**Q** 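First the structure, which I've put down as structure tokens, then a few questions once you've had a look.
Whatever order the structure lists them in is the order used to number ligands and atoms, beginning at 1. Positions are given from 1, in the same order as the sequence printed here. Treat the numbers as computed from the prediction; the structure is a model and nothing was measured. What's counted below: heavy atoms across the whole structure, side chains too, no hydrogens, waters or symmetry copies.
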Amino acid sequence: MFSFKKLAFLFVVAAMVLTACGGGAAPAEPAEPAEPAAPAEPAEPAEPAVEAPFGQAACAPNCTYADMVLCYPQLGAESDWRTANSASFKETAEQLGVKLIFSDAQQKQENQISAMRSCIQQEVNVIALPPVVETGWDAVLQEAQDANIPVIVVDRSVTADPSMYATHIGSDMVLEGKRAAAEFNKLLPDGGNILELSGTTGSGAAVGRAEGFREDLNSNITILDSQTGNFTRAEGKPVMEAFLKKYEGQIDGVFFHNDDMAIGAVEAIKAAGIQPGDLVMISVDGTRGGFQLMLDGWLQADVECNPLLGPQVMDLGLKLMNGQEIPKEELTDEQTYYADQAEELLPTRKY
Ligand code: AHR
């Protein structure tokens with residue numbers, strides 16, 4: 001017979017065995033461990049902003065001349081050189097289909113600045129600036145830069161930092177002065193007294209020519225006086241008249257910063273009874289008027305300054321519109337012409 005104690009013992013043992021074999025009430029399923037929250041997709045790394053080259057137009061890299069609006073705030077019409085320079089821009093624009101916004105500042109910097117501001121407002125593609133004087137351009141160059149309009153400095157130079165404009169294209173004015181000095185050194189080997197009719201005060205052309213001239217002129221040649229004739233015939237003549245009165249009998253030669261002043265001065269020189277060849281006279285530009293003075297025996301040499309810059313400027317302007325790199329300066333290749341070449345070359349001179 002089983003005692004109650006034995007029965008209770010057997011019951012406990014049976015319960016333990018069942019538990020060990022997985023029997024009994026199934027334990028509550030443990031809660032599924034929460035899926036770890038998917039980390040937020042990392043934001044696409046921002047494309048590094050690739051800045052379009054300064055001055056690049058919306059049509060880049062396929063802009064053509066027909067897309068170009070070019071602003072040319074010409075400084076004036078003071079000389080034959082300037083007339084040829086304006087014609088070069090107008091004719092080239094016409095041939096290439098460039099829209100040219102041309103103005104004449106009448107040798108006044110404030111007029112050039114307001115013409116530039118008007119072009120900035122019109123959102124032109126390129127401004128080509130022939131600066132009447134070297135200084136005072138920083139503010140308007142900054143305005144053009146802020147409007148993403150590149151400025152090509154043409155002909156004369158500016159003192160503004162080169163980062164303020166795209167490029168400078170024109171003549172090496174210092175070299176022109178040196179070339180003129182070389183002619184005086186040759187023609188006045190024993191020295192002498194000379195006069196200088198200089199260009200517009202503060203202009204890159206006058207500053208550079210005066211500097212190069214003084215650097216290379218022999219020390220036995222004295223510059224008795226230097227006065228501006230503002231690059232014009234009208235002002236060249238009275239300056240020469242005053243020189244002739246003041247330095248009568250002392251003058252061996254005259255250096256003219258341009259042909260127009262030489263042409264005006266020759267009227268005064270003739271009126272004073274001076275004959276071709278009595279004075280050593282050297283000029284700059286190489287215009288037809290200068291060649292005629294050489295042919296007539298007044299000038300012994302004429303240092304070239306080439307005004308035909310339209311094609312080069314428009315080529316550079318198109319490169320800027322297409323985002324291409326251009327050199328920071330392009331100086332024109334020039335030479336000195338002599339009286340004995342005048343007859344042969346005059347008929348084919350373009351300006
Ligand atoms: O800047 C060029 C000069 O300007 C030329 O020598 C002169 O003729 C013109 O007026």
**Q** So that I can tick it off, tell me whether Lys246 and Asp225 are bridged by a salt bridge, with the cut-off set at under 4.0 angstrom between side-chain N and carboxylate O.
**A**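 Counted as a salt bridge, because a side-chain N and a carboxylate O are separated by less than 4.0 Å.
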**Q** Pairs of nitrogen or oxygen atoms closer than 3.5 Å, one from Asp285 and one from ligand 1: do any exist?
**A**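 Yes, at least one N or O pair falls under 3.5 Å.
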**Q** With heavy atoms of Ser79 as the reference, note each atom of ligand 1 found under 4.0 Å away.
**A**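 Those qualifying, in numeric order: 7 (C), 8 (O), 9 (C), 10 (O).
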**Q** When you measure from the centre of the six-membered ring of Phe102, is the NZ or CZ of Lys90 under 6.0 Å away and within 45° of the axis?
**A** yes
**Q** Under 4.0 Å from a heavy atom of Trp81: give me the atoms of ligand 1 that qualify, with their elements.
**A**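 Checking each atom against Trp81, I get 5 (C), 8 (O).
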**Q** Within the 3.5 Å criterion, strictly below it, is a donor on Ser163 or Asp161 matched to an acceptor on the partner's side chain?
**A**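 Present: a donor and an acceptor within the cut-off.
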**Q** How close does the nearest protein non-hydrogen atom get to atom 7 (C) of ligand 1, and which residue and atom is it?
**A** Asn258 ND2, 3.6 Å
**Q** If you measure only the distance, is there a donor-acceptor pair under 3.5 Å linking the side chains of Tyr72 and Asp104?
**A** no
**Q** Could you see which bit of Gln107 sits under 4.0 Å from ligand 1, with heavy atoms only: side chain, backbone, both or neither?
**A** neither
**Q** Do Glu183 and Tyr338 pair up side chain to side chain, a donor and an acceptor below 3.5 Å, judged on atom types alone?
**A** yes
**Q** Enumerate the atoms of ligand 1 whose separation from the nearest heavy atom of Ala205 is less than 4.0 angstrom.
**A** 1 (O)
**Q** Using only heavy-atom distances, determine whether the side chains of Ser114 and Glu110 contain a donor-acceptor pair under 3.5 Å.
**A** no
**Q** At less than 4.0 angstrom from any non-hydrogen atom of Arg156, what atoms of ligand 1 do you find?
**A**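 Listed by number with element, the hits are 1 (O), 3 (C), 4 (O), 9 (C), 10 (O).
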**Q** Would Met261 count as a contact residue for ligand 1, given that I'm defining contact as a non-hydrogen atom of the residue lying under 4.0 Å from a ligand atom?
**A** no
**Q** Taking Leu345 as the starting point, is it possible to reach Leu299 by hopping between hydrophobic residues whose side chains are less than 4.5 Å apart?
**A**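 Leu299 clusters together with Leu345.
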**Q** Of all the non-hydrogen atoms in the protein, which one sits nearest to atom 10 (O) of ligand 1, and at what distance?
**A**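 It is Glu78 OE2, 2.4 Å.
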**Q** Within the structure, does Asp155 bring an N/O atom to less than 3.5 angstrom of an N/O atom in ligand 1?
**A**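 Checking ligand 1 against Asp155, an N or O pair does fall under 3.5 Å apart.
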